[in-house]
Amino acid sequence: GSEAAGEQGQEEEAEDRLKEHMDSLLDKSTKMRQAALQGLRLAFSSKILSEFLLERRLMLTDSLEKCLKKGKGEEQALAGTVLTLLCLQMGSGPEGEELFHSLKPLLISVLTDSTASPGARQSCAMALGMCCYIAAADLE
């Protein structure tokens with residue numbers, strides 16, 4: 001009994017941390033946004049969170065979009081990585097496809113922007129390829 005309660009407490013604590021990271025994506029400080037992106041990257045790559053993310057995918061997608069549009073260099077690269085992991089979490093269903101189609105133009109924009117950092121461009125290329133492989137329904 002106490003082990004199950006301990007696990008539930010750890011899970012709630014992890015969800016609270018994830019919510020804090022998601023809120024921090026909207027912070028004015030670049031360092032705070034980058035720290036939040038790093039926290040999300042770690043969480044998304046270490047545990048399956050699809051149920052938790054389904055409810056929050058639109059807010060998270062909007063936040064990642066802002067990081068890609070307004071961020072520079074490291075922030076854009078981290079946002080691309082988090083986007084790839086989010087797409088993996090959402091899978092090949094309608095949610096993953098919706099995520100891919102909403103951010104595809106922005107990924108292409110950063111990828112083809114010669115003023116963007118090489119790391120950001122590489123991360124967006126990886127995100128575009130992985131998300132296309134996972135979530136694109138049409139063969140084109």
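We number each residue from 1, following the sequence as shown.
- Separating the CD atom in Gln76 from the CG atom in Leu64 is a distance of 12.0 Å, to the nearest 0.5 Å.
- For the pair Lys19 and Phe52, the minimum side-chain heavy-atom distance is below 4.5 Å.
- The closest side-chain heavy-atom distance from Ile134 to Phe100 is not below 4.5 Å.
- By the criterion of side-chain heavy atoms lying less than 4.5 angstrom apart, applied directly or through intervening Ile, Leu, Val, Met, Phe, Trp or Tyr residues, Leu53 is not grouped with Leu26; the two fall into different hydrophobic clusters.
- When all heavy atoms are compared, the tightest approach of Ala79 to Cys67 is CB-CB, 3.8 Å.
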(request) Could you please spell out the steps behind the side-chain contact (heavy atoms from CB on, under 4.5 Å) verdict for Val82 and Leu85? (result) CA-CA 5 Å; Val82 171; Leu85 293 169; 5.5 Å; no
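- A donor-acceptor contact shorter than 3.5 Å links the side chain of Thr112 to the backbone of Ile108.
- Annotation: side chain to side chain contact (heavy atoms under 4.5 Å, CB included) contacts of Lys69 (sequence neighbours excluded): Glu65, Leu106.
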(request) Could you walk me through whether Asp113 and Arg121 pass side-chain contact (heavy atoms from CB on, under 4.5 Å), step by step? (result) CA-CA 8 Å; Asp113 180 2; Arg121 294 174 73 186; 5.8 Å; no
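- Cluster membership check: Ile48 does not share its hydrophobic cluster with Met22, using side-chain heavy-atom separations under 4.5 Å among Ile, Leu, Val, Met, Phe, Trp and Tyr.
- Note that the CG atom of Leu83 and the CE atom of Met126 stand 12.5 Å from one another [nearest 0.5 Å].
- Once rounded to the nearest 0.5 Å, the distance linking NZ of Lys31 with CD of Glu74 reads 10.5 Å.
- Judged by distance alone, the side chain of Glu97 and the main-chain N or O of Ser92 form no donor-acceptor pair under 3.5 Å.
- Contact annotation: the side chain of His21 never approaches that of Gln38 to less than 4.5 Å [non-hydrogen atoms, C-beta and beyond].
- Ser102 is not listed as a side-chain neighbour of Glu98, based on a closest heavy-atom distance of 4.5 Å or more.
- Only one option out of Glu13, Arg17, Glu11 pairs with Glu15 in a side chain to side chain contact (heavy atoms under 4.5 Å, CB included); it is Glu11.
- Inter-residue side-chain proximity for Tyr133 and Leu128 is flagged as unmet; no heavy-atom pair is nearer than 4.5 Å.
- Heavy-atom minimum distance, Leu68 versus Cys124: CD2-SG, 3.8 Å.
- The backbone N or O of Ala120 sits less than 3.5 Å from a side-chain atom of Ser117, completing a donor-acceptor pair.
- Separating the CG atom in Leu18 from the CG atom in Leu42 is a distance of 9.5 Å, to the nearest 0.5 Å.
- Residue Met90 holds its CE atom at 11.5 Å from SG of Cys131, rounded to the nearest 0.5 Å.
- Under the 4.5 Å side-chain contact rule for hydrophobic residues, Leu58 and Leu25 do not share a cluster.
- Two residues are said to be in side-chain contact when any heavy atoms from C-beta on lie closer than 4.5 Å; Gln34 and Leu78 meet this criterion.
- In terms of modelled atom types and a separation under 3.5 Å, the side chain of Ser109 and the main chain of Pro105 share no donor-acceptor contact.
- The minimum heavy-atom distance linking Ala43 with Leu49 is given by the pair O-CD1, 3.7 Å.
- Listed by chain and number, the residues in a salt bridge (Lys or Arg N to Asp or Glu O under 4.0 Å) with Glu75 are Arg33 (sequence neighbours excluded).
- Inter-residue side-chain proximity for Leu40 and Leu86 is flagged as unmet; no heavy-atom pair is nearer than 4.5 Å.
- With rounding to the nearest 0.5 angstrom, the NZ atom of Lys28 is 13.5 Å from the CE atom of Met32.
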